[in-house]
Amino acid sequence: MAKETGIVSWKELALGCTLTEPGSAAQLKTGDWRSMRPVTDFELCNKCGQCYIFCPDMVYSQNEEGFYEADYYYCKGCGICARECPKDAIQMVEEGD
Amino acid sequence: MGVATEALKDFKGFHPKKLPDVEPLSPGHRACQGCGEVLALRQVMKALGENVVVASATGCMEIITSPFPQTAWRVPWIHVAFENAAAVISGVESAYKALNRKGKIDQPDVVFLAYGGDGGTADIGLQALSGALERGHNFIYVCLDNEAYMNTGIQRSSATPYGAMTTTSPPGKKSIGQRTWKKNVAHIAAAHGIPYVATASPAYALDLMNKVKKAAMVPGPAYLHIYSPCPTGWRHGTDLAIEVARMAVLTKVFPLYEVIDGKWILSRKVAKPKPVSEYLKLQRRFRHLTEKEIEAIQKRVDEDYDKLLRLCAMSAEPAGDKAAEKE
Amino acid sequence: MGKRVGMEVSIAAAEAVGLCDVDVIAAYPITPQTHIVEHLSELVADGHLDAEFIPVESEHSAMSTCVGSAAAGARTFTSTASQGYALMAEICYIASSMRLPIVMAVANRALSAPINIWNDHSDMMMARDTGWIQTVAENGQEVVDLIIHAFRVAEDHRVLLPVMVNLDGFILTHMIEPIILPDKEEVDRYLPPYKPKMRLDPQNPLTFGPVGMPEVYTEAKKAQDEALKGSKAVIVEAWREFEKQFGRSYKPVETYKADDAEIIILTMGSISETAMTAVDKMRAAGQKVGLVRLRLWRPFPAEELIDALKGAKALAVVDRSLPFSGGCGPVCVEVKSALFDRGLSPYVQNFLAGLGGRDVTVEDFEAMAAKVSDGLAKGLPMGYEIMNVRE
Amino acid sequence: MVEIRFHGRGGQGGVTSAELTALAAIEEGKYAQAFPSFGPERRGAPVMAFVRVSDQQILTREKVYTPNIVVVLDPTLLTIVDVQAGVPDDGIIVVNTKLSAEELRKATGINRRLAVVDASTIAIETLRVPITNTTMLGALIKATGIISVDALRGPVQKRFGPIAEKNLQACLRAFEETVVEG
């Protein structure tokens with residue numbers, strides 16, 4: 001049912017218009033909203049995780065080395081991570097640069 | 001010992017380096033860039049995990065997580081209307097209670113969460129909230145307070161702070177913006193005599209998540225009032241939500257505390273508070289304020305904080321209680 | 001078979017709910033519904049009914065709590081009247097849109113102002129377009145039977161819609177009369193345990209009540225409309241099963257001496273019994289008068305109604321609430337629409353009677369029949385009149 | 001079909017009298033309705049309650065306009081309420097009063113058949129409270145035979161529990177002491 005568009009016949013709707021695919025919003029590429037992108041300098045990063053816990057869009061996750069990497073599919077470019085990074089390891093750069 | 005004190009006696013907080021990976025609220029939601037409210041909700045959900053049923057009031061957090069055909073929810077979630085999240089969760093909780101007791105299901109450990117914005121909590125939903133708190137349902141209510149009706153375009157609520165500019169409290173020749181002082185719903189919740197009340201801020205994520213965990217552990221109603229910066233409505237940069245939230249705590253504008261079994265406990269004493277003007281100047285919703293008005297706000301903030309300190313001091317005074325217990 | 005005993009109809013209604021093994025009751029007191037919820041709370045307090053009784057702080061929260069409860073998979077009941085219904089109306093739309101099988105007894109009462117606690121159908125007519133199934137009782141026995149029937153219909157996976165059982169305030173709610181309460185075992189045979197099709201369950205996380213933008217809202221409403229229309233077959237089937245098991249028969253449209261009637265009085269609710277006495281009286285005087293009663297109000301049983309009305313030359317349609325449209329009352333509007341759709345045009349006069357507890361008497365029905373007979377003979381214009389209003 | 005109207009004051013048990021009458025009739029296999037006057041009256045105000053009893057199913061929901069029987073639970077109502085309103089010529093009025101039928105007729109101008117009993121005294125002596133509902137049922141039964149004392153036992157038992165026996169005693173004593181005009 002969860003066609004990405006939602007353009008469906010009334011017969012295809014789940015009972016009461018309920019949504020049956022948990023977390024299907026993860027299909028949505030909110031990264032398109034971004035005009036600035038955060039870039040982390042892992043040389044400066046101390047793996048404190050501030051970027052991770054302060055991100056409203058669940059962009060950061062820890063890689064095998066313990067560094068926090070951004071998933072640009074979701075990153076809206078708000079800049080909280082850069083602002084809050086205690087080591088100034090994250091810089092916001094213009095998209096397309 | 002009160003029920004909350006009893007339930008929390010072996011409480012262990014989250015480890016800052018080992019926060020739960022679980023994200024019951026998925027990415028792909030459509031909150032504004034730099035939304036402090038969805039960030040607070042994300043932290044709440046991380047702390048709660050996945051064995052939970054969530055009831056949402058109408059508001060930003062409802063709109064941005066559930067437009068058909070996608071949902072950002074990985075846990076069962078229901079939105080009914082604006083003013084009734086507390087009543088809806090009353091029904092869910094009671095249904096689980098009855099069905100478990102009657103052997104129709106075996107799910108005794110499900111946690112029940114209702115949340116709403118400040119409009120859905122302090123204004124239109126206050127009656128349903130009060131009813132649910134008074135009836136003693138085992139649930140958590142979270143108010144995600146961004147201090148105005150942001151979903152409909154930044155109209156004032158009873159939780160909008162004095163002096164703030166909104167689209168229905170505009171400053172003008174005869175107006176300084178919001179003319180009333182912010183309604184204190186955490187105090188109203190505490191007046192119900194429920195086991196657990198707390199204020200929290202996404203800038204103090206670990207504190208917030210620990211309070212959510214406590215709220216879940218406590219039997220009966222728990223109320224959390226969470227400060228939720230709104231860059232769009234407060235007119236500040238998209239990168240400033242945490243900075244503003246932190247400043248609200250450091251200026252005593254939004255003190256962090258708990259009320260456990262009626263005992264008031266300051267979570268974080270602000271020993272050397274920053275002047276309120278430092279908080280106000282971060283947000284363009286206050287930029288029209290004159291020195292005189294800022295002074296009035298500073299005075300009110302100091303008074304409120306002193307009141308809170310007195311409540312905490314009274315709670316901490318064990319003399320009467322302890323003496324009685326010994327006898 | 002249960003024993004025939006005298007009891008207040010409200011008590012019988014509550015007992016019927018108790019026989020249905022309901023899990024959650026959320027209600028707020030309002031006259032004349034109070035005795036129903038008082039007795040339910042007694043049943044729970046005494047341990048006769050294993051349910052959560054939630055004494056909510058308003059009707060709005062009553063229905064909101066019922067929505068939460070039903071969405072969590074519990075068999076759920078509430079009851080209200082009048083202003084209480086008005087307050088919960090917002091959530092009633094949502095209950096049906098979410099396809100939640102809540103059962104609600106409405107002790108029909110007039111709406112303010114002036115404040116009036118007495119009976120008419122203003123509240124159930126306000127509920128007309130909410131997408132709920134609505135049945136109507138004429139006496140206490142029917143209240144019991146229709147409540148049991150309501151749970152079966154609501155929870156049927158071909159339906160999954162809320163059901164409102166209407167009983168006239170005071171005239172039924174506060175009446176003591178003979179009632180047969182079925183045994184629990186009989187009800188258990190008739191009413192299978194509720195198996196929700198979807199519920200709020202961490203094992204299978206669903207999102208209830210999403211945002212429906214213009215791209216989907218029309219489709220969502222179409223699906224709901226089809227569900228309500230389709231419910232009629234199940235409603236009728238459940239009544240047939242009911243008759244087999246309990247021996248009492250119900251139909252969407254019921255008739256009394258209507259087969260060869262030239263003038264038909266059309267009623268809904270407890271005044272129908274008074275109308276029967278009037279019909280008997282007029283028949284005895286040689287008048288070809290009959291009675292047609294609506295048992296099912298939503299979905300509207302147009303086919304069955306036309307079947308019952310065919311052959312009649314003139315209709316006296318009784319409404320129990322004013323629509324303020326400058327035209328007929330809601331029942332008459334439906335009746336005329338059903339007739340028009342089939343090219344039928346008998347003489348129809350609409351009588352607005354029994355507003356806010358004003359008595360509707362045998363003489364009133366005789367007067368209605370005389371008026372339509374006269375109007376038909378003289379070719380008077382059709383329309384509506386408020387019965388017995390003082391100029 | 002027989003129709004009965006009870007006159008009492010709010011809280012005196014007029015509604016209970018009506019209910020018990022209907023319950024007893026149903027117990028006997030008859031059809032019956034009992035209903036209060038649905039007003040906003042509170043304790044002390046003059047109130048009415050109604051009963052219909054019939055051998056056939058009762059097909060009317062009208063109010064009671066022409067009761068064959070009227071029962072007056074409280075003598076002080078006689079001067080403020082027209083208790084014989086709508087009562088047909090062959091109707092009967094059963095009154096709680098210390099007066100004889102003749103004295104009562106003189107005092108009130110009632111011109112229907114009367115049955116009288118000092119129910120207040122019986123109630124005080126038997127029940128220790130001036131609540132005359134079950135007492136007046138004894139008078140009603142004596143005057144009309146509309147129900148039997150036996151049929152009343154079950155409903156009274158259910159309604160009054162531990163004080164049911166005392167209520168039945170009051171009822172029986174009133175039955176004995178009621179004077180019915182010929």
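Chain identifiers are assigned alphabetically (A, B, ...) following the order of the sequence lines, protein sequences preceding nucleic acid strands; residue numbering begins at 1 within each chain. The shown structure was predicted, so the numbers you read here are calculated from the model rather than taken from an experiment. The basis for the numbers below is simple: all heavy atoms, side chains too, and nothing from hydrogens, waters or symmetry mates.
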Checklist line | Pick from B/Ala72, B/Gly131, B/Ala55, B/Ser94 with the largest number of heavy-atom pairs that fall under 4.5 Å of chain C | finding: B/Ser94
Margin query: Less than 4.5 Å apart, side chain to side chain, heavy atoms only: is that true for C/Ser58 and B/Gln127?
Written below: yes
Next item on the list: Side chain from CB out, backbone as N, CA, C, O: work out which of these in C/Val56 comes under 4.5 Å of a heavy atom of chain B, or both, or neither.
Entry: both
Notebook entry, point to check: Under 4.5 Å between any side-chain heavy atoms of B/Tyr96 and C/Asp201, yes or no?
Noted result: yes
Check: What are the two closest non-hydrogen atoms of C/Ala74 and B/Ala95, and how far apart are they?
Finding: CB-CB, 3.5 Å
Check: Can you tell me how far NE2 of C/His60 sits from CD of B/Glu83, rounded to the nearest 0.5 angstrom?
Finding: 3.5 Å
Note to self: Can you give me the closest heavy-atom contact between C/Ile54 and B/Ser90, atom names plus distance?
What the structure shows: CD1-O, 4.2 Å
Check: Take atom CZ in B/Phe11; do more than 12 heavy atoms of anything else shown fall under 6.0 Å from it?
Finding: yes
Notebook entry, point to check: Does a sphere of radius 6.0 Å around CG in B/Asp21 hold more than 12 heavy atoms from other residues, nucleotides or ligands, not counting ones at 6.0 Å or beyond?
Noted result: no
Notebook entry, point to check: Most heavy-atom pairs under 4.5 angstrom with chain B, which of C/Asp50, C/Val67, C/Asp21?
Noted result: C/Asp50
Notebook entry, point to check: What's the spacing between B/Lys97 NZ and C/Asp23 CG if we round to 0.5 Å?
Noted result: 13.5 Å
Notebook entry, point to check: Considering only heavy atoms, which portion of C/Arg75 lies under 4.5 Å from any heavy atom of chain B: side chain, backbone, both, or neither?
Noted result: neither
Item checked: Non-hydrogen side-chain atoms of C/Ser61 and B/Asn84 separated by less than 4.5 Å -> no
Notebook entry, point to check: If you count heavy-atom pairs under 4.5 Å between each of C/Glu215, C/Met98, C/Arg199, C/Gln203 and chain B, which one has the most?
Noted result: C/Arg199
Notebook entry, point to check: So what's closer than 4.5 Å to chain B heavy atoms on C/Ala26: side chain, backbone, both or neither?
Noted result: neither
Notebook entry, point to check: Distance from B/Trp77 atom CH2 to C/Leu206 atom CG, nearest 0.5 Å?
Noted result: 12.5 Å
Check: Of the backbone (N, CA, C, O) and the side chain (C-beta and beyond), which part of B/Leu99 lies under 4.5 Å from a heavy atom of chain C, both, or neither?
Finding: side chain
Note to self: Less than 4.5 Å to any heavy atom of chain B: does that hold for the side chain of C/Met63, its backbone, both, or neither?
What the structure shows: neither
Next item on the list: Search all heavy atoms of B/Pro67 against all heavy atoms of C/Met213 and return the closest pair with its distance.
Entry: CB-CE, 3.8 Å
Check: Contact part of C/Ile91 toward chain B, heavy-atom cut-off under 4.5 Å: side chain, backbone, both or neither?
Finding: side chain
Check: Which atoms of C/Pro55 come close to chain B, meaning under 4.5 Å heavy atom to heavy atom: side chain ones, backbone ones, both, or neither?
Finding: both
Check: Considering heavy atoms only, which positions within residues 102-125 of chain B lie below 4.5 Å of chain C?
Finding: B/Lys102, B/Lys104, B/Ile105, B/Gln107, B/Val110
Checklist line | Shortest non-hydrogen contact between C/Ser64 and B/Ala87, atoms and distance | finding: CB-CB, 3.6 Å
Checklist line | Cation-aromatic face contact B/Arg135/C/Phe53, 6.0 Å, 45 degrees | finding: no
Contacts table for residues 12-20 of chain C: side-chain donor-acceptor under 3.5 angstrom, sequence neighbours left out:
residue: C/Glu15; atom: OE2; partner: C/His39; partner atom: NE2; Å: 2.7

Item checked: Minimal non-hydrogen separation, C/Ile94 against B/Ala81, with atom names -> CD1-CB, 4.1 Å
Note to self: Looking at every non-hydrogen atom in both residues, tell me the closest pair between B/Ala98 and C/Glu52 and how far apart they are.
What the structure shows: CB-CG, 3.9 Å
